[in-house]
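Computation of the quantities below employed the complete heavy-atom set of this structure, encompassing side-chain atoms and omitting hydrogens, waters and symmetry-equivalent molecules.
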Amino acid sequence: MTSRITRTRNNTAEESLILNQTGKGTPMGELLRRYWWPVGISADLNDKPTLVKLLGEELVLYRDQQGRLGLVGSRCPHRRANLCFGNVTHDGIRCRYHGWLMDAEGRVKATPGEPDKSFKDSVRHPAYPVQELGGIVFAYLGPQPAPALPPFNFLVDPGERIVKVTGYAECNWMPTIENAMDPLHLSFTHAPSFKDLRAEPEVWFEEHDLGVAYVSARPVPGKDGRFGIRVHNLLLPAISHSGNTDRWISGAAGSDDPPITARWAVPVDDTHTLMFRIMYKPDGHVGEWRECAEDERWDLAWVATRAEPYQEYREAPSQEAVRLGHTVPPGASREDATIVESIGAVIDHENENLLPTADHGLAMIRQLYLDAATSVQEGGDPPGTFRDLAPDTVVKPRTGERMVDAQEYARLLEQKSVAASLVS
């Protein structure tokens with residue numbers, strides 16, 4: 001795939017509106033419904049249903065008594081009681097209010113109190129397909145036939161996996177994924193937490209069939225003439241994906257098959273985002289899990305500190321105790337949460353002033369989404385979707401980290417290629 005954007009520019013107010021919307025019938029909402037999204041963790045789903053929300057739709061996720069998954073509209077079609085309070089049955093979910101029974105395909109199976117047994121066949125309840133992969137429950141809210149659930153290596157290959165929900169962001173999903181694709185912010189937002197990333201990086205971006213990659217290159221502290229090269233991906237629809245560093249698992253940097261961290265920014269609605277994260281350590285990787293400071297954990301929760309006008313005066317116990325100023329809490333996820341949510345619930349892209357070089361990747365990502373939304377409107381499949389996959393297919397995006405000398409660094413700066421950055 002060749003990038004269609006040749007210059008960095010601010011988006012217009014009209015484009016900003018498109019990018020921020022996730023609801024059904026909007027250009028971006030219809031695009032996002034063409035992908036599979038995480039909605040739950042397999043191990044957590046037991047004998048009770050749970051309330052979830054995806055792309056503005058409130059839904060109830062459950063596992064029936066046969067172990068089969070279901071994802072249905074949250075409101076009972078009878079009197080609109082919430083099915084999250086219902087009971088899981090042998091083949092569906094029963095409303096706690098009047099006992100209506102629905103199955104995973106949205107068929108009404110029972111309507112107690114109605115002698116006309118054919119009445120139930122006149123009612124259909126919203127229901128969506130769900131699948132489990134890599135310990136995660138995925139849902140698809142788009143039109144049929146659904147594309148294949150992408151068999152990424154960190155979901156299907158043998159190895160150790162840890163899956164967590166790491167936060168609930170009170171902002172639109174796009175700022176969270178753009179933050180992950182912004183290598184420059186590491187030098188400033190995370191300077192207190194990751195001292196080895198304080199140097200401003202050389203960066204380049206490359207569009208590929210699965211999304212967009214960036215390469216960042218920095219001098220390595222304490223190692224004169226050595227540079228750290230890092231390849232990080234946005235995998236569509238909204239996965240921040242990178243080959244793990246030695247920070248968390250030894251032997252990761254320079255590995256041909258590195259451990260992977262991947263984080264989905266899941267659009268709950270236009271102004272809220274759920275963070276799903278997986279850490280994958282491949283079979284055969286000889287490195288060990290490292291003990292690290294609490295503030296440097298890979299699964300640190302996304303928790304924002306928020307500032308309000310005159311907050312210091314309102315919260316101080318006395319005038320003498322007033323101390324002006326706001327503090328960003330330590331820890332990468334907390335730093336990200338605080339700064340990203342300070343942008344606001346949605347971004348007014350038209351009022352930004354993007355850097356021609358360092359922000360070119362953001363411009364690429366936004367144009368990628370806008371072009372994909374247009375493709376869907378014209379009846380096509382968006383990029384990053386799969387159909388007719390051969391059995392045992394594994395999709396392995398290119399990522400990783402390594403150190404190079406000054407000569408290799410100069411060569412990479414000249415080539416500015418993702419593939420070259422990963423190969424000695």
Checklist entry - Do Arg402 and Glu408 pass the salt bridge (Lys or Arg N to Asp or Glu O under 4.0 Å) test, and can you show the C-alpha distance, the side-chain angles, and the key distance before you say yes or no? => result CA-CA 11 Å; Arg402 65 190 183 101; Glu408 176 69 359; 3.1 Å; yes
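- Side chain to side chain, His90 and Gln66 meet the donor-acceptor criterion of an N or O pair below 3.5 Å.
- Considering only heavy atoms from C-beta on, Val137 comes within 4.5 Å of Ser42 through its side chain.
- Electrostatic pairing of Arg63 and Asp47 does not count as a salt bridge here, judged by no charged N lying under 4.0 Å from a carboxylate O.
- Between Leu236 and Pro382, every side-chain heavy-atom pair lies at or beyond the 4.5 Å cut-off.
- Counted by atom type alone, Arg34 and Tyr140 present zero donor-acceptor pairs between their side chains at under 3.5 Å.
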Item to check | Verdict with reasoning, Phe154 to Tyr280, per ring pair (Phe, Tyr, Trp, His ring centres under 6.0 Å) | outcome: CA-CA 6 Å; Phe154 52 87; Tyr280 166 63; 7.4 Å; no
Checklist entry - Run the salt bridge (Lys or Arg N to Asp or Glu O under 4.0 Å) check on Glu341 and Arg306 step by step: do they pass? => result CA-CA 8 Å; Glu341 292 193 29; Arg306 299 181 178 89; 2.7 Å; yes
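- Classification of Arg9 and Glu15 as a salt-bridged pair holds, one side-chain N sitting under 4.0 Å from a carboxylate O.
- The closest side-chain heavy-atom distance from Tyr168 to Leu274 is below 4.5 Å.
- If you check the side chains of Glu57 and Tyr128, you find a donor sitting under 3.5 Å from an acceptor.
- Side chains of Ser193 and Glu335: a donor on one and an acceptor on the other come within 3.5 Å.
- A salt bridge links Asp381 with Arg387; the closest basic N to acidic carboxylate O contact falls under 4.0 Å.
- Taking the six-membered ring where the residue is Trp, the centroids of Tyr369 and Trp173 are separated by under 6.0 Å.
- Residues Lys281 and Ile249 have side chains in contact (heavy-atom distance under 4.5 Å, counting atoms from C-beta outward).
- Ser255 contributes a side-chain N or O that, together with a main-chain N or O of Asp257, makes up a donor-acceptor pair within less than 3.5 Å.
- Atom CZ of Arg107 has more than 12 neighbouring heavy atoms from other residues, nucleotides or ligands inside a 6.0 Å radius.
- Remark: the Asp336 side chain and the His185 side chain contain an N/O donor-acceptor pair separated by less than 3.5 Å.
- Judged by distance alone, the side chains of Thr22 and Asp270 do bring a donor and an acceptor atom under 3.5 Å apart.
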Item to check | From CA spacing to verdict: side-chain contact (heavy atoms from CB on, under 4.5 Å), Leu354, His349 | outcome: CA-CA 9 Å; Leu354 297 183; His349 300 84; over 6 Å; no
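- Side chains of Arg80 and Tyr97 form no contact here, defined as non-hydrogen atoms less than 4.5 Å apart.
- Between Val60 and Leu71, the closest side-chain pair of non-hydrogen atoms is not below 4.5 Å.
- Side-chain contact between Tyr409 and Met403: absent, with no pair of heavy atoms (C-beta onward) separated by less than 4.5 Å.
- Not a single donor-acceptor pair under 3.5 Å links the side chain of Asn87 to the backbone N or O of Arg96.
- Judged purely by atom type and a 3.5 angstrom limit, Asp64 uses its side chain to pair as donor or acceptor with the backbone of Gly67.
- Between His78 and Trp100, the angle of the ring planes stays under 30°, which puts this pair in the parallel group of the 30/60° scheme.
- A salt bridge links Glu206 with Arg398: the closest approach of a Lys/Arg side-chain nitrogen to an acidic carboxylate oxygen falls below 4.0 angstrom.
- Between the side chains of Thr261 and Ser242, at least one donor-acceptor pair of N or O atoms lies under 3.5 Å.
- Surrounding CD of Gln144 are more than 12 heavy atoms belonging to other residues, nucleotides or ligands, all under 6.0 Å away.
- Classification of Asp269 and Lys53 as a salt-bridged pair holds, one side-chain N sitting under 4.0 Å from a carboxylate O.
- With no hydrogens or angles considered, a side-chain donor-acceptor pair links Ser118 and Asp116 at under 3.5 Å.
- A donor atom on one side chain and an acceptor atom on the other are not found under 3.5 Å apart for Glu350 and Thr12.
- Within the 4.5 Å cutoff, the side chain of Pro112 has no heavy atoms near those of the His98 side chain.
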Next on the checklist: What verdict does the side-chain contact (heavy atoms from CB on, under 4.5 Å) test give for Val203 and Val215, after you've listed the backbone C-alpha separation in whole Å, the side-chain angles of each residue and the deciding distance to 0.1 Å?
Outcome noted: CA-CA 6 Å; Val203 299; Val215 180; over 6 Å; no
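- Side-chain atoms of Ser187 and Arg218 include a donor-acceptor pair closer than 3.5 Å.
- The 12-atom threshold is exceeded at CG of Asn46, counting heavy atoms of other residues, nucleotides or ligands nearer than 6.0 Å.
- At a cut-off of 3.5 Å, with distance as the only test, a side-chain donor of Asn351 or Asp348 sits close to an acceptor on the other residue.
- No side-chain N or O of His241 forms a donor-acceptor pair with one of His232 less than 3.5 Å apart.
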